[in-house]
*Asks:* 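One structure, pasted below without further comment.
A, B, ... follow the sequence lines: proteins, then strands. Residue 1 opens every chain. Nothing here was measured: the structure is a model prediction, and the numbers come from that model.
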Protein chains: 2
Amino acid sequence: MGQTHAATPGAEKTGTRAEMREETERVILDAAERVFAESGFGGATMQAIADASGLPKANLHYYFASKERLYRRVVERIFTIWLEAADSFETSASPEVALRQYITRKMDLSRRHRFGSKVWANEVMHGAPIIQDYLETTLREWTETRIAVIRRWSEAGQIRPVDPRWLLYLIWATTQHYADFAHQIETLNSGPLSDRQWAEATDTVCGIILRGIGLDDGGTA
Amino acid sequence: MGQTHAATPGAEKTGTRAEMREETERVILDAAERVFAESGFGGATMQAIADASGLPKANLHYYFASKERLYRRVVERIFTIWLEAADSFETSASPEVALRQYITRKMDLSRRHRFGSKVWANEVMHGAPIIQDYLETTLREWTETRIAVIRRWSEAGQIRPVDPRWLLYLIWATTQHYADFAHQIETLNSGPLSDRQWAEATDTVCGIILRGIGLDDGGTA
DNA sequence: AATATTCTTGACTGGTTGGTCAGGTCTGTT
DNA sequence: AACAGACCTGACCAACCAGTCAAGAATATT
């Protein structure tokens, strides 16, 4: 047969060899992210990922040596996106702006990157067998710098004194909940959250957290 | 061979037939909860559960017809424990006491029932394939009564006006995070949280949430 | 003590899965 | 046009897993 299949039929015939390879890998990674999120690592099958990406199974093994390597790439990609999208509040001067922006961005990520969040949650829940090294190096460093920032706010009297760790966990937990537990939320809501509801939820979360650490909010919640 | 194996060697020879059956089922359910939490439904094997409970695999199928039925029983058990432990704040008069107690109990559950929380999270994250009916009936009813209570507080001016749903999700997310993401927390903490840290975390969470909805706390956080 | 019933267990099986491979096809280069 | 190397894929396989079963052992019943 030869090169018959295509991920997005009719739209990917252009590009150099390297570009096409990158595109194919992206298609597989997207499909894998979805399948891993829906079934977990053990529950996911290469066949399901193959079907989801519109490629024969053998093709997956041409681009990714094994199921575990594919999974690792998926998790790495998510981790990167998360870290990139999250260093907003380092640059901002005031706690209000910094935290509000960080929470808003994380809520946005939960909405638009639901599968990624789920894969990450799965991996950590199962003891991070694949990406333990990331937790111990990159995540730890990232966390420590944020803790330092929050502690400075606290010492300068800009916010009420709180252990920065419990605050960070609260923010992570709450925002990611909207991705990881989307199914539960949508069941209780009898359908997906509307634009308005997302905005309300984000605003309420910001409001509670900002007030909770002694900031007079500035929002509407 | 015959009745040679035993879950807790030497300690379960007493009791009636029914009691021994119940005990054996409990041992299997405990082991299953742990294994399902660690590996997910797809990743868990009946052999692993058998090893964890100290019984031959065939024995599991004597007590539970199939892997799925065993899993269902595990999830049902967790769900029941959760609901029972959670109707505290219906009886309490003041929002402060009610919420503080509810949050504290949920934090306790996260600490002592880590595996259960993880299994629940897994199930919901994967779209609740097994217990969707519970979400639509029991959980929905439970949630609606709590929403009504919070709304009454809100209308009576006892707390700041917030959509009760976003508040509930924030509480669920934050408390369960300490179970579901325990591995991440312990990695960043270089070890399990101490008694003092659990108390601090609980207090901080209470403090932020209570202040966040306009209560003057009353605690130390 | 004989019989019935519940429990235990090693060995087995049909079906599924991750991974392989040989042979084919397409594309760029000379 | 001929060649080389990258890419594609149906068919296959060894490993593994949920679930079965028949025979044996403990316990209850008469």
Side-chain angles (χ1 to χ4, degrees), chain A residues 1-10 12-28 31-32 35-36 38-74 129-130, chain B residues 1-10 12-28 31-32 35-36 38-74 129-130:
Chain A
M1 290 262 173
Q3 284 154 322
T4 36
H5 276 289
T8 330
E12 71 306 316
K13 282 173 190 164
T14 48
T16 66
R17 212 102 200 205
E19 282 170 351
M20 289 185 65
R21 184 178 186 108
E22 223 171 306
E23 169 68 9
T24 306
E25 285 184 2
R26 201 187 55 74
V27 168
I28 295 172
V35 173
F36 282 133
E38 280 167 355
S39 311
F41 180 78
T45 67
M46 292 297 273
Q47 188 59 59
I49 298 172
D51 293 348
S53 52
L55 295 167
K57 183 167 73 88
N59 220 320
L60 266 57
H61 281 97
Y62 177 75
Y63 287 97
F64 299 92
S66 69
K67 185 185 180 185
E68 191 172 320
R69 285 208 185 212
L70 173 56
Y71 177 74
R72 188 178 239 276
R73 283 284 301 276
V74 169
I130 309 286
Chain B
M1 289 260 170
Q3 282 153 323
T4 35
H5 275 288
T8 329
E12 70 308 314
K13 282 174 190 161
T14 48
T16 66
R17 212 103 203 207
E19 281 170 351
M20 289 185 65
R21 181 175 188 112
E22 222 170 310
E23 169 67 11
T24 307
E25 284 185 3
R26 200 187 55 74
V27 168
I28 295 172
V35 173
F36 282 134
E38 280 166 354
S39 311
F41 179 78
T45 67
M46 291 298 273
Q47 189 59 58
I49 298 171
D51 294 347
S53 51
L55 295 166
K57 183 168 72 92
N59 223 319
L60 267 55
H61 281 97
Y62 177 75
Y63 287 97
F64 299 92
S66 68
K67 185 185 179 184
E68 190 172 320
R69 285 207 186 214
L70 173 56
Y71 177 73
R72 186 177 241 277
R73 284 283 301 276
V74 169
I130 309 285

*Asks:* Taking the side chain of A:P56 as its heavy atoms from C-beta onward, which of D:dC7, C:dG10, D:dT9 lies nearest to it?
*Replies:*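 Of all the options, the side chain of A:P56 is nearest to D:dT9.
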*Asks:* Give the rounded distance in Å between these two atoms: CD of B:E19 and P of C:dT6.
*Replies:*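 One finds 18 Å between P of C:dT6 and CD of B:E19, rounded.
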*Asks:* For A:F64 and C:dG19, give me the distance from atom CZ to atom C1', rounded to whole Å.
*Replies:*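 Value for this atom pair: 16 Å.
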*Asks:* Out of curiosity, A:L55 CG to A:L60 CG, how far, rounded to the nearest 0.5 Å?
*Replies:*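 Result: 6.5 Å between the selected atoms.
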*Asks:* Need to verify one output field. Residue with the more 5' nearest nucleotide on DNA chain C, A:T45 or A:A58?
*Replies:*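 Upstream on the strand: A:T45.
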*Asks:* Suppose we call a contact any N or O donor and acceptor under 3.5 Å apart; does that hold for the side chain of A:K57 and the base of C:dG19?
*Replies:*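 For A:K57, whose side chain was compared with the base of C:dG19, there is a donor-acceptor pair (under 3.5 Å).
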*Asks:* Give B:A50 one of three labels, base, sugar-phosphate or nothing, depending on what nucleic acid heavy atoms sit under 4.0 Å from its own.
*Replies:*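 If one applies the 4.0 Å heavy-atom cut-off, B:A50 turns out to touch nothing in the nucleic acid.
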*Asks:* Given C:dT8, is OP1 or OP2 found less than 4.0 Å from the side-chain N or O atoms of B:Y63?
*Replies:*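 So the side chain of B:Y63 is within the cut-off, an N or O lying under 4.0 Å from OP1 or OP2 of C:dT8.
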*Asks:* With a cut-off of less than 4.0 Å, is there a side-chain N or O of A:R21 near OP1 or OP2 of D:dA6?
*Replies:*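 So the side-chain polar atoms of A:R21 never come under 4.0 Å of the phosphate oxygens OP1 or OP2 of D:dA6.
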*Asks:* Please state how far atom NZ in B:K67 lies from atom P in D:dA18, giving the value in whole angstrom units.
*Replies:*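 The answer, rounded to whole Å, is 5 Å.
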*Asks:* B:Q47 CD to C:dG10 P: how many Å, rounded?
*Replies:*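 Taking CD of B:Q47 and P of C:dG10, I get 10 Å after rounding.
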*Asks:* Measure NE2/A:H61 against P/C:dT17 and give the value in whole Å, please.
*Replies:*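 Rounding to the nearest Å, NE2 of A:H61 and P of C:dT17 are 13 Å apart.
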*Asks:* To the nearest 0.5 angstrom, please state how far the CZ atom of B:F41 sits from the NZ atom of B:K67.
*Replies:*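 Result: 4.5 Å between the selected atoms.
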*Asks:* Can you tell me how far OH of B:Y63 sits from CZ of B:R26, rounded to the nearest 0.5 angstrom?
*Replies:*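 OH of B:Y63 is found 13.5 Å from CZ of B:R26.
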*Asks:* Rounded to the Å, how far apart are A:N59 CG and D:dC8 C1'?
*Replies:*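 About 6 Å, once rounded to whole Å.
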*Asks:* Rounded to whole angstrom units, what separation is found between the CD atom of A:E23 and the C1' atom of D:dC7?
*Replies:*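 Answer to the nearest Å: 16 Å.
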*Asks:* Give B:A48 one of three labels, base, sugar-phosphate or nothing, depending on what nucleic acid heavy atoms sit under 4.0 Å from its own.
*Replies:*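 If one applies the 4.0 Å heavy-atom cut-off, B:A48 turns out to touch nothing in the nucleic acid.
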*Asks:* Identify which nucleotide among D:dC7, D:dC8, C:dT6 has an atom closest to any side-chain atom of A:Y62, counting heavy atoms from C-beta outward.
*Replies:*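 Of D:dC7, D:dC8, C:dT6, D:dC7 is nearest to the side chain of A:Y62.
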*Asks:* Please report the interatomic distance CD(A:E25) to CD(A:E23), rounded to the nearest 0.5 Å.
*Replies:*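 The CD atom of A:E25 sits 10.5 Å away from the CD atom of A:E23.
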*Asks:* At 4.0 Å (heavy atoms only), tell me whether A:T24 reaches a base, stays on the sugar-phosphate, or touches nothing.
*Replies:*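 Nothing: the residue A:T24, judged by heavy atoms under 4.0 Å, touches no strand.
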*Asks:* Rounded to whole angstroms, how far apart are CG on A:D51 and C1' on C:dT16?
*Replies:*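 Going from CG in A:D51 over to C1' in C:dT16 covers 14 Å.
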*Asks:* Indicate yes or no: at least one non-hydrogen side-chain atom of B:S53 is less than 4.5 angstrom from one of B:N59.
*Replies:*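 The answer is no, as the side chains (C-beta and beyond) never meet within the 4.5 Å cut-off.
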